[in-house]
Peer 1: 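Got a structure here, written out as structure tokens. Questions coming.
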Amino acid sequence: MNANPFAANPLFSYLLRLADDNLVHAQQLGALVSWMPELEEDIAVANLCLDHLGQARNLLAYAAEVEGAGRDEDALAMLRDERQFLNAVLVEQPNGDFGQTIARQFLLDAYQVPLYEALVASGDAQLAAIADKAAKEARYHLRYSTQWVVRLGDGTEESHRRMQAGIDALWRYSADLFAADDVEDALAGIAADVAPLRTRFDATVQAVLAEATLALPADPYQRLGGRVGNHTELLGHILPEMQSLYRAHIGAQW
Amino acid sequence: MTVTTGQEAFDTLIAAKQKIEPRDWMPEEYRRTMIRQIAQHAHSEVIGQQPEGNWITRAPSLRRKAILVAKVQDEAGHGLYLYSACETLGVARDELNELLHNGRQKYSSIFNYPTLSWADMGAIGWLVDGAAITNQVALTRTSYGPYARAMIRICKEESFHQRQGYEIMLTLARGTEAQKDMAQDALDRWWWPSLAMFGPPDDQSPHTEQSMRWGIKVETNDQLRQRFVDMTVPQAQFLGLEIPDPELAWNEERGHYDFGDIDWEDFWEVVKGNGPCNRDRIAHKVKAWEDGAWVREAALAHAAKRSAAAEPTANTVNAANTVNAANKELS
Ligand SMILES: [Fe+2]
Ligand SMILES: [Fe+2]
């Protein structure tokens with residue numbers, strides 16, 4: 001078996017895993033501004049985008065510092081290729097309709113709330129400080145996405161069908177959020193222990209879907225791989241758009 | 001004892017340069033003019049999300065991306081305040097939306113031009129927000145109270161946008177050759193449309209006189225345009241960029257810059273719907289609205305179900321209220 005290349009610098013890899021979830025997710029949300037069902041939701045999606053982007057920047061800046069190779073947040077965001085991105089495959093799934101957008105947001109939020117709350121107690125002070133700010137944001141996000149899951153699930157027949165379709169489409173990408181390997185093992189006391197996160201995530205999902213009169217799909221298949229750079233084909237379309245201008249003018253200041 | 005009619009009370013307020021408030025009597029034509037103007041302004045903010053939103057996914061740094069998202073979000077927020085101001089005149093936001101979609105109400109023609117490079121994010125902030133501020137600072141003294149107050153709030157954010165746009169231009173103008181070219185090209189494309197934002201010349205602006213008499217307009221189109229040119233020319237010089245107008249020259253006698261003629265034929269074509277992006281902007285807006293219909297219906301249906309439920313359960317209060325609260329926290 002090959003050695004895990006990401007275990008060579010575990011803290012750097014761990015920070016990229018956390019950062020890339022937010023960066024790719026923010027990139028997706030950015031494309032939705034002006035496309036929402038109401039002006040209020042345009043404002044809300046811009047807020048979500050800004051929060052996730054802010055989290056990504058804090059984590060990338062710290063990752064760059066940990067790496068110590070002279071890269072900055074933009075070099076990490078704009079010059080890594082698909083196979084070097086370590087986000088969970090969930091966040092690279094399409095925006096879809098509003099039901100799917102909300103399903104993706106909800107699953108991410110249900111994971112990030114316990115994640116950041118656990119990381120507040122991280123032995124790494126800088127990571128703990130980043131998590132402290134992010135936890136507050138994540139709790140607001142979860143309230144927002146929960147309310148929409150419930151409204152759509154228990155709204156009209158059509159909204160119920162679409163919200164269920166969103167959950168059905170994305171559930172198979174949810175386990176990748178929790179995929180951990182020797183990167184996390186090497187960071188005892190610094191990284192969050194995934195087992196309790198998964199327990200809290202499952203409890204949140206179960207309670208909210210029940211209130212929304214929705215159900216989890218029966219199909220047990222889960223697509224993993226994002227944490228080691230083995231993505232779905234979609235990421236290879238998201239990154240070129242994000243990186244094109246930066247890469248066309250290497251060395252320029254913006 | 002004298003009986004004051006509504007008209008007399010209105011005239012007295014206008015003469016004293018005091019504000020007209022929603023409950024005051026006002027001439028029907030004043031109300032109609034005010035609705036048209038505020039709605040057009042609100043629509044402009046909302047449609048204005050699109051040209052800049054076009055570059056969110058491609059912003060060249062994460063910092064610039066964050067600034068751009070925040071700016072586009074501010075514009076949506078301006079749309080919200082202005083729709084609220086318009087609703088005080090007895091018209092519902094959904095009606096206004098409908099009038100925008102079917103083309104019976106307009107938005108600023110400036111947003112019918114495409115954003116073709118990153119430098120357009122600089123040029124729009126600098127010139128388009130700059131022109132908007134010039135207009136809107138004057139409008140803080142407009143006679144309709146809710147509109148004047150909305151303008152005060154909005155102007156603060158617009159001047160922030162203007163500085164950010166100028167800073168993008170400055171960074172590009174001090175950057176690589178390719179970046180300088182990008183900046184000059186953006187100035188070339190946005191200069192004339194920005195001047196046209198102030199509207200037709202005074203002698204061809206049929207509503208100006210009545211609007212001035214009612215205190216809706218405080219300064220004429222040509223006065224505002226001149227102020228904008230005088231303010232912007234030195235800024236372009238500082239950037240080392242050239243304004244695309246061979247007739248532009250300082251006029252010592254007038255104490256103002258002279259400038260060339262605006263192509264009004266082109267301007268009216270764009271107003272009529274024949275600009276490069278008119279169809280796309282409205283099609284985008286209508287598609288977003290239609291795609292969202294099931295969501296809005298679901299929100300209403302859900303709220304109705306919850307309020308029909310005899311006893312709300314501990315963890316489910318009125319859905320509309322909680323979502324509003326969540327939105328407030330998010331903003
Ligand atoms: Fe605005
Ligand atoms: Fe603005």
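Here is the naming used below: chain letters follow the sequence lines, and residue numbers restart at 1 for every chain.
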Peer 1: So A:Y144 and A:W148, would you call those rings parallel, tilted or perpendicular, with 30° and 60° as cut-offs?
Peer 2: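 Ring orientation of A:Y144 relative to A:W148: perpendicular.
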Peer 1: Given a strict heavy-atom distance threshold of 4.5 Å, which part of B:A59 is in contact with chain A: side chain, backbone, both, or neither?
Peer 2: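 For B:A59, backbone heavy atoms alone lie under 4.5 Å from chain A.
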Peer 1: Measure from the side-chain N and O atoms of B:T171 to the backbone N and O of A:W254, and report whether any donor-acceptor pair falls under 3.5 Å.
Peer 2: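 Side chain of B:T171 to backbone of A:W254, a donor-acceptor pair under 3.5 Å: no, none is there.
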Peer 1: Using heavy-atom distances under 4.5 Å, tell me whether A:S244 contacts chain B through its side chain, its backbone, both, or neither.
Peer 2: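 Just its side chain gets close to chain B.
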Peer 1: Aromatic rings A:F201 and A:W171: how do their planes relate, parallel, tilted or perpendicular, breaks at 30° and 60°?
Peer 2: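 Taking A:W171 first and then A:F201, their aromatic rings lie parallel (interplane angle under 30°).
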Peer 1: Pick one of side chain, backbone, both or neither for A:M36, based on which atoms fall under 4.5 Å of a heavy atom in chain B.
Peer 2: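 Backbone of A:M36 only, per the 4.5 Å heavy-atom cut-off to chain B.
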Peer 1: Is it the case that the side chain of A:Q243 and the backbone of A:R80 share a donor-acceptor pair, with hydrogens and angles ignored and the cut-off at 3.5 Å?
Peer 2: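 Answer holds: yes.
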Peer 1: Please state whether the side chain, the backbone, both or neither of A:I102 comes within less than 4.5 Å of a heavy atom of chain B.
Peer 2: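 No part of A:I102 comes within 4.5 Å of chain B.
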Peer 1: Compute whether any side-chain donor of one residue and acceptor of the other, for A:Q105 and A:H25, lie under 3.5 angstrom apart.
Peer 2: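 Short answer, yes.
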Peer 1: Should the heavy atoms of other residues, nucleotides or ligands under 6.0 Å from NZ of B:K180 be counted, would the total exceed 12?
Peer 2: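 Atom NZ in B:K180 is packed in, count exceeds 12.
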Peer 1: Using heavy-atom distances under 4.5 Å, tell me whether B:M121 contacts chain A through its side chain, its backbone, both, or neither.
Peer 2: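 Neither part.
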Peer 1: Heavy-atom pairs under 4.5 Å with chain A are the metric here; pick the option from B:E297, B:Q179, B:R64 that has the most.
Peer 2: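 The residue among B:E297, B:Q179, B:R64 with the greatest pair count is B:Q179.
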Peer 1: Using heavy-atom distances under 4.5 Å, tell me whether B:K65 contacts chain A through its side chain, its backbone, both, or neither.
Peer 2: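 Contact with chain A is through both the backbone and side chain of B:K65.
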Peer 1: Any donor-acceptor pair under 3.5 Å linking the side-chain atoms of A:T213 with those of A:D154?
Peer 2: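 Checked: A:D154/A:T213 side chains show no N/O donor-acceptor pair below 3.5 Å.
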Peer 1: So A:H52 and A:H141, would you call those rings parallel, tilted or perpendicular, with 30° and 60° as cut-offs?
Peer 2: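 Because their plane-to-plane angle lies in the 30° to 60° range, the rings of A:H52 and A:H141 count as tilted.
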Peer 1: I'd like to check B:M151 versus B:L82 (side-chain heavy atoms, cut-off strictly below 4.5 Å). Are they in contact?
Peer 2: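 Heavy-atom side-chain distance check passes, below 4.5 Å.
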Peer 1: So which of A:I238, A:L245, A:D97 has the biggest tally of heavy-atom pairs under 4.5 Å with chain B?
Peer 2: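 Maximum pair count with chain B is reached by A:L245.
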Peer 1: Given that the side chain runs from C-beta out, which part of B:V72 has a heavy atom under 4.5 Å from chain A: side chain, backbone, both or neither?
Peer 2: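 Contact with chain A involves the side chain of B:V72 alone.
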Peer 1: Any side-chain heavy atom of A:Q206 within less than 4.5 Å of one from A:D202?
Peer 2: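 When only atoms from C-beta onward are counted, A:D202 and A:Q206 do not touch, as no gap falls below 4.5 Å.
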Peer 1: Looking at A:L39, A:D42, A:T156, which one has more heavy-atom pairs under 4.5 Å with chain B than the rest?
Peer 2: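 Top option by heavy-atom pairs under 4.5 Å: A:L39.
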Peer 1: What part of A:R162 lies closer than 4.5 angstrom to a heavy atom of chain B: side chain, backbone, both or neither?
Peer 2: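 A:R162 touches chain B through side-chain heavy atoms alone.
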Peer 1: Where does A:L60 contact chain B at under 4.5 Å (heavy atoms): side chain, backbone, both or neither?
Peer 2: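 Just the side chain, heavy atoms under 4.5 Å.
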Peer 1: Using a 4.5 angstrom heavy-atom cutoff, name the option from B:K287, B:H284, B:R93, B:E75 with the most pairs to chain A.
Peer 2: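 Top count of heavy-atom pairs under 4.5 Å with chain A: B:H284.
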Peer 1: Counting only heavy atoms closer than 4.5 Å, note whether B:L172 contacts chain A via side chain, backbone, both or neither.
Peer 2: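 Just the side chain, heavy atoms under 4.5 Å.
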Peer 1: For A:A31, is it the side chain, the backbone, both or neither that has a heavy atom under 4.5 Å from a heavy atom of chain B?
Peer 2: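 Contact with chain B is through both the backbone and side chain of A:A31.
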Peer 1: With a 4.5 Å cut-off on heavy-atom pairs, point out which of B:T57, B:T176, B:I56 contacts chain A the most.
Peer 2: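 Between B:T57, B:T176, B:I56, the count favours B:T57.
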